[in-house]
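Single-structure report; data block below.
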Amino acid sequence: MSARSLADVRSALAGVDGWLSDDQVARLYAVAAAMRDGDQIVEIGSFRGRSTIVLAGAAADGVSVVAIDPHAGNDRGPQEISGFAAEAADDHAVFVANLDAAGVADRVRHIREFSDLATAEVPGPIAMLYVDGAHRYGPARADIRTWGGRVRPGGTMLIHDAFSSVGVTLAITRELILGRRFRYVGRSRSLAEYRADLETDGTSVLGNSARQIAQLAWFARNVSLKVLLKAGGGRLIGRLTGRIPEWPY
């Protein structure tokens with residue numbers, strides 16, 4: 001199957017649950033569409049297939065797409081860390097159905113496993129890595145460190161809920177802000193893009209750190225909004241502005 005247009009991919013996403021905004025879809029699509037024959041795209045965290053459809057729809061023939069998600073009822077989304085075992089089977093069934101309805105099921109190899117147990121099932125270097133797995137600090141850091149370490153030189157790593165989730169942001173701080181390999185390219189809301197081409201001279205490393213540290217103001221805003229929404233303040237904002245703010249992603 002040849003790569004689809006961005007408009008066609010967006011159309012295929014209609015009714016598919018997930019947390020990708022239009023600008024995030026565009027960024028994910030652009031990186032996936034730039035992959036070439038023989039390249040490998042790896043996704044960690046698929047949920048019901050919204051991002052998977054973008055990756056598989058954008059990728060050209062000869063580009064492999066691997067989706068890793070245990071569909072175990074944990075880390076399903078905002079405030080859904082655990083306790084959703086009853087929804088696990090449904091999540092998997094909907095994921096399969098959504099990929100089939102979008103016409104990309106044959107382009108995706110799904111590994112129904114936790115990311116830390118799936119490394120041996122994905123041989124070779126990774127040209128594009130999309131991380132949207134567990135948002136707690138430990139698993140998020142492990143994904144960035146272990147799977148990010150397999151991104152080839154010049155390859156791309158994208159991280160969802162960057163500078164939004166506390167755990168993910170702490171993991172980025174530990175692994176990337178002072179790192180010497182991944183260059184911060186930019187972000188679409190909480191979808192941060194990194195390229196494995198950072199120059200190792202002091203000026204480049206410090207400049208790269210500064211660009212990421214500058215995002216922490218946006219992170220503070222997101223954390224404050226989450227606290228407000230958890231405390232029920234969204235209704236008050238809704239009465240004052242006519243619009244209840246959405247959970248930041």
Start with the C-alpha distance between R109 and V65, add both sets of side-chain angles, then the distance that settles side chain to side chain contact (heavy atoms under 4.5 Å, CB included), and finish with yes or no.
CA-CA 6 Å; R109 180 166 74 96; V65 180; over 6 Å; no
Does the pair D161 and H135 meet the rule for a side chain to side chain donor-acceptor pair (under 3.5 Å), with working shown?
CA-CA 8 Å; D161 281 311; H135 287 16; 2.5 Å; yes
Going through the checks in order, is the side chain to side chain contact (heavy atoms under 4.5 Å, CB included) test met by T146 and D116?
CA-CA 8 Å; T146 302; D116 61 331; over 6 Å; no
I would like to know whether R180 and T200 meet side chain to side chain donor-acceptor pair (under 3.5 Å); could you show each step before the answer?
CA-CA 6 Å; R180 303 179 69 88; T200 56; 5.1 Å; no
Take L176 and Q212, measure what side chain to side chain contact (heavy atoms under 4.5 Å, CB included) needs, and give me the verdict at the end.
CA-CA 9 Å; L176 300 174; Q212 294 176 83; 3.7 Å; yes
Apply side chain to side chain contact (heavy atoms under 4.5 Å, CB included) to D201 and V205, showing your working.
CA-CA 6 Å; D201 62 279; V205 171; over 6 Å; no
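Panel note: side chain E121, backbone I111; no donor-acceptor pair is recorded below 3.5 Å. Between the side chain of R112 and the backbone N or O of A72, no donor-acceptor pair lies under 3.5 Å. At least one donor-acceptor pair under 3.5 Å links the side chain of D69 to the backbone N or O of S46. Between the side chain of W147 and the backbone N or O of S115 there is at least one donor-acceptor pair closer than 3.5 Å. Judged by distance alone, with hydrogens and angles left aside, the side-chain atoms of H160 form a donor-acceptor pair with the main-chain N or O of W19 at under 3.5 Å. Between the side chain of E193 and the backbone N or O of I159 there is no donor-acceptor pair closer than 3.5 Å. Judged by distance alone, with hydrogens and angles left aside, the side-chain atoms of R36 form a donor-acceptor pair with the main-chain N or O of A34 at under 3.5 Å.
Here the closest heavy-atom approach between residue V16 and residue G49 is recorded as CG1-C, 4.1 Å. Closest of all the heavy-atom pairs between V108 and A56 is CG2-CB, 3.7 Å. Minimum interatomic distance between G57 and V104 (heavy atoms only, all atoms of both residues): N-CG1, 4.2 Å. Between L198 and G179, the shortest heavy-atom contact is CD2-O, 3.6 Å. Across all their heavy atoms, D37 and V63 have their closest contact at N-CG2, 4.3 Å. Heavy-atom minimum distance, F163 versus A192: CE1-CB, 4.4 Å.
Taken together through direct or relayed side-chain contacts under 4.5 Å among Ile, Leu, Val, Met, Phe, Trp and Tyr, V166 and W218 form part of one hydrophobic cluster. Hydrophobic clustering (side-chain heavy atoms under 4.5 Å, transitive across Ile, Leu, Val, Met, Phe, Trp, Tyr) groups I177 together with L170. With hydrophobic clusters built from ILVMFWY side chains whose heavy atoms lie under 4.5 angstrom apart, I144 shares a cluster with Y137. V94 and L13 fall into different hydrophobic clusters, defined by Ile, Leu, Val, Met, Phe, Trp and Tyr side-chain heavy atoms under 4.5 Å apart, directly or through other members. Residues L6 and I53 are members of one and the same hydrophobic cluster, defined by side-chain heavy-atom contacts under 4.5 angstrom among Ile, Leu, Val, Met, Phe, Trp and Tyr.
Atoms OG and CG, from S51 and D132 in turn, are 6.0 Å apart once rounded to the nearest 0.5 Å. In this structure, OG in S165 is found 7.5 Å from CZ in F219, a value given to the nearest 0.5 Å. Note that the OH atom of Y130 and the OG1 atom of T156 stand 14.0 Å from one another [nearest 0.5 Å]. With values rounded to the nearest 0.5 angstrom, N98 atom CG is found 9.5 Å from T52 atom OG1. With rounding to the nearest 0.5 angstrom, the CG atom of D39 is 8.0 Å from the OG atom of S64. Note that the CZ atom of R48 and the NE2 atom of H71 stand 8.5 Å from one another [nearest 0.5 Å].
When side chains are defined from C-beta on, H92 counts as touching V96, because their heavy atoms get closer than 4.5 Å. Counting heavy atoms from C-beta outward, V122 and R150 have side chains that approach closer than 4.5 Å. A 4.5 Å side-chain heavy-atom check between Y184 and Q215 finds at least one atom pair inside the cut-off.
Ring-plane geometry between H110 and F95 is classed as tilted, the angle between the planes lying from 30 to 60 degrees on a 0 to 90 degree scale. The aromatic rings of F182 and Y194 lie perpendicular to each other, with more than 60° between the two planes, well past the 30° mark.
Using a 4.0 Å cut-off between charged nitrogen and carboxylate oxygen, D23 and R189 do not count as a salt-bridge pair. Between D197 and R181, no side-chain nitrogen of the basic residue sits less than 4.0 Å from a carboxylate oxygen of the acidic one, so the salt-bridge criterion is not met. A salt bridge does not link D22 with R27: none of the charged nitrogens is closer than 4.0 Å to a carboxylate oxygen.
In summary, of the residues considered (E43, R187, M128, Q24), a side chain to side chain contact (heavy atoms under 4.5 Å, CB included) with L158 occurs for M128 alone. Of the candidates L225, V223, N222, S164 forms a side chain to side chain contact (heavy atoms under 4.5 Å, CB included) with just one, namely N222.
No side-chain N or O of D8 forms a donor-acceptor pair with one of S11 less than 3.5 Å apart.
Around the CZ atom of R183, the shell of radius 6.0 Å holds more than 12 heavy atoms that belong to other residues, nucleotides or ligands.
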